[in-house]
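All remarks here apply to the structure that follows.
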Amino acid sequence: MLNLNFDNRFVNALPGDPEEGPRRRQVHGACWSRVLPTPVAAPKLLAYSPEVATLLGIDEADIAAPEFAEVFGGNRLLDGMAPYAACYGGHQFGNWAGQLGDGRAINLGESINRDGQRWDLQLKGAGPTPYARRADGRAVLRSSIREFLCSEAMHHLGVPTTRALSLVATGEPVLRDMFYDGNPQYEPGAVVCRVAPSFIRFGNFEILTSRDDTELLKKLVDFTIARDFPEIEGDTAEKRARWFSQVCERTARMIAHWMRVGFVHGVMNTDNMSILGLTIDYGPYGWIDNYDPEWTPNTTDAEGRRYRFGHQAQIAHWNLTRLAETLRPAFRTADPLREGMERFVDVYIAESRAMTAAKFGLAQLDEADRELTAEAFALLHQAEVDMTLFFRNLAEIDAHAPSLTPLEEAFYSDALRRQHQTAFEAWLQRYAARLRQDGEPAAVRRARMHAANPRYVLRNYLAQEAIDLAERGDVGRVHELLELMRHPYDEQPERARFAAKRPDWAKEKAGCSMLSCSS
Ligand code: AMP
Ligand code: MG
């Protein structure tokens with residue numbers, strides 16, 4: 001029998017909305033609203049993460065019991081759960097959007113595991129809440145598979161992220177206009193149970209300042225520090241300053257990792273920014289195939305490309321600036337906020353330098369190396385070279401006899417390869433000379449590179465193939481990709497085909513290179 005221990009500090013320490021239930025409304029003077037998951041017709045467990053189950057102290061027998069799908073499909077509560085939806089606002093695509101909130105996510109409770117760690121459990125797609133606006137509170141299978149697989153993949157890639165415990169089919173259809181072209185279709189519904197130490201977002205603070213609720217803002221700040229940053233010490237003002245600096249630092253690290261693995265979030269609105277610097281809200285995200293800093297998977301953003309791959313650090317900075325403005329009433333002077341923003345820049349530069357050095361297999365990145373590595377990125381862009389394959393195979397370059405051969409499979413176009421061959425060979429000569437300068441054993445360099453350059457990422461077409469199969473009733477590929485992504489830095493020869501670059505059929509296919517926010 002599933003038995004979790006809950007300590008629901010968010011609802012116990014912060015004011016809630018006096019009204020219960022999902023009636024759509026503006027919620028003032030409160031951080032959350034009590035609302036229950038809406039039961040579904042036929043909850044069925046499709047997949048779960050064994051690591052997350054272990055983290056929570058859930059064993060195989062618990063997972064096999066029918067109760068598991070009932071609880072994580074939203075049909076049954078465990079003792080100690082206190083479901084609620086959080087009130088938050090946000091800047092969407094650069095504009096203040098007012099109250100947003102958990103429209104379809106329902107927090108079940110903060111579970112405390114055997115080691116005393118706090119893990120907040122949240123169902124996404126569990127039915128409408130006061131924040132659902134005109135939407136149905138549900139999620140479709142395709143987007144739920146994408147969130148489930150990608151959160152676990154990111155974790156194993158070493159990128160800070162929310163986790164996913166389970167993927168449960170609801171047995172109910174959900175109506176979605178995937179292309180926003182007036183052609184809605186019924187799709188199978190699903191619920192993902194997300195797991196994180198905290199689901200607090202920049203937007204939880206923004207909504208309070210937007211309503212001039214400075215008292216509650218301060219309360220939420222001090223609560224977040226006490227619960228989610230217990231290591232921070234000092235008096236109240238010192239703690240708040242150190243905390244903001246930490247948020248900036250963690251956000252910088254997260255973005256540097258995204259750039260390292262080729263992840264494009266796609267919707268970096270401030271309501272999708274975690275205060276813990278975790279990747280959160282997997283929507284129309286994508287993975288870089290051919291290296292292109294201009295690329296965005298999000299068709300809703302195709303025009304302005306605000307959230308394109310190469311712009312993510314600037315956007316994080318912009319979002320942190322909005323957070324700093326929002327937090328201003330909780331600070332005596334703006335100095336700590338300015339210092340935090342500077343910390344973001346410093347940490348981002350240091351982290352991305354370290355990661356670039358590791359990707360190229362250099363002990364460290366010197367001034368002259370910046371040009372060498374920038375030139376490589378420019379070549380990858382011009383010649384449309386697969387980012388993941390290029391860096392993984394770069395470890396095979398012989399510093400004493402460099403050749404383009406190990407990199408050939410990373411090119412998408414023979415014509416572009418021939419066109420840029422001389423430039424690549426010249427670059428390789430310089431690169432090999434630089435490696436000889438470090439004079440490290442090839443095995444040491446290769447190990448460093450393999451730890452920074454995954455063999456496998458959750459390529460857009462791989463997720464889409466798994467979705468197509470699952471929509472026809474076969475979730476085997478979801479399980480296989482989950483297995484694959486548990487060890488993304490290992491060769492896994494029996495699964496080598498999942499390392500292949502994007503096939504031609506996927507170049508312009510919906511779900512592979514183009515995704516809308518409809519989910
Ligand atoms: P997102 O773009 O997924 O971050 O969502 C933006 C806002 O819309 C958030 O407040 C979500 O909770 C809400 N939302 C998105 N989809 C739905 C849905 N199907 N039902 C209710 N609320 C939703
Ligand atoms: Mg969101």
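Computation of the quantities below employed the complete heavy-atom set of this structure, encompassing side-chain atoms and omitting hydrogens, waters and symmetry-equivalent molecules. Sequential numbering from 1 along the given sequence is applied to the chain's residues. Start at 1 and go down the list; that is how both ligands and their atoms are numbered.
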- prompt: Between W318 and F93, does the ring centroid distance fall short of 6.0 Å?
  reply: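 Not close enough - the centres of the two rings lie 6.0 Å or further apart.
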
task: Determine whether the aromatic ring centres of Y307 and H265 lie less than 6.0 Å apart.
output: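 Centroid separation for Y307 and H265: 6.0 Å or greater.
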
- request: Compile the protein residues with any heavy atom at a distance under 4.0 Å from an atom of ligand 1; present them by chain, then by number.
  value: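 Ligand 1 pocket, heavy atoms under 4.0 Å: Q92, L100, G101, D102, G103, R104, A132, R133, A135, D136, G137, R138, R176, D271, N272, D281.
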
field: Residue among R253, R343, R260 satisfying salt bridge (charged side-chain N to carboxylate O under 4.0 Å, His left out) with E351
entry: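 The residue from R253, R343, R260 that satisfies salt bridge (charged side-chain N to carboxylate O under 4.0 Å, His left out) with E351 turns out to be R253.
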
message: Under 2.8 Å from the Mg ion (ligand 2), is there any N, O or S atom belonging to D271?
response: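 Under 2.8 Å: D271 has no N, O or S contact with the Mg ion (ligand 2).
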
- prompt: Would you call the rings of Y348 and F344 parallel, tilted or perpendicular, where under 30° means parallel and over 60° means perpendicular?
  reply: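 Correct class here is parallel.
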
field: N272 atom OD1 and D281 atom OD2 as seen from the Mg ion (ligand 2), angle to 10 degrees
entry: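 Result: 80°, to 10°.
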
query: Tell me, do F331 and L337 make a side-chain contact under 4.5 Å, heavy atoms counted?
result: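 Sidechains of L337 and F331: in contact.
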
message: Go through it in stages, so that I can follow the logic: the residues are V195 and D120, the test is side chain to side chain contact (heavy atoms under 4.5 Å, CB included), and I'd like the CA-CA distance, side-chain angles, deciding distance and then a yes or no.
response: CA-CA 6 Å; V195 177; D120 216 344; over 6 Å; no

Pi-cation contact, Y131 with R24 (under 6.0 Å, within 45°):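 Judged by the rule, R24 and Y131 form no cation-pi pair.
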
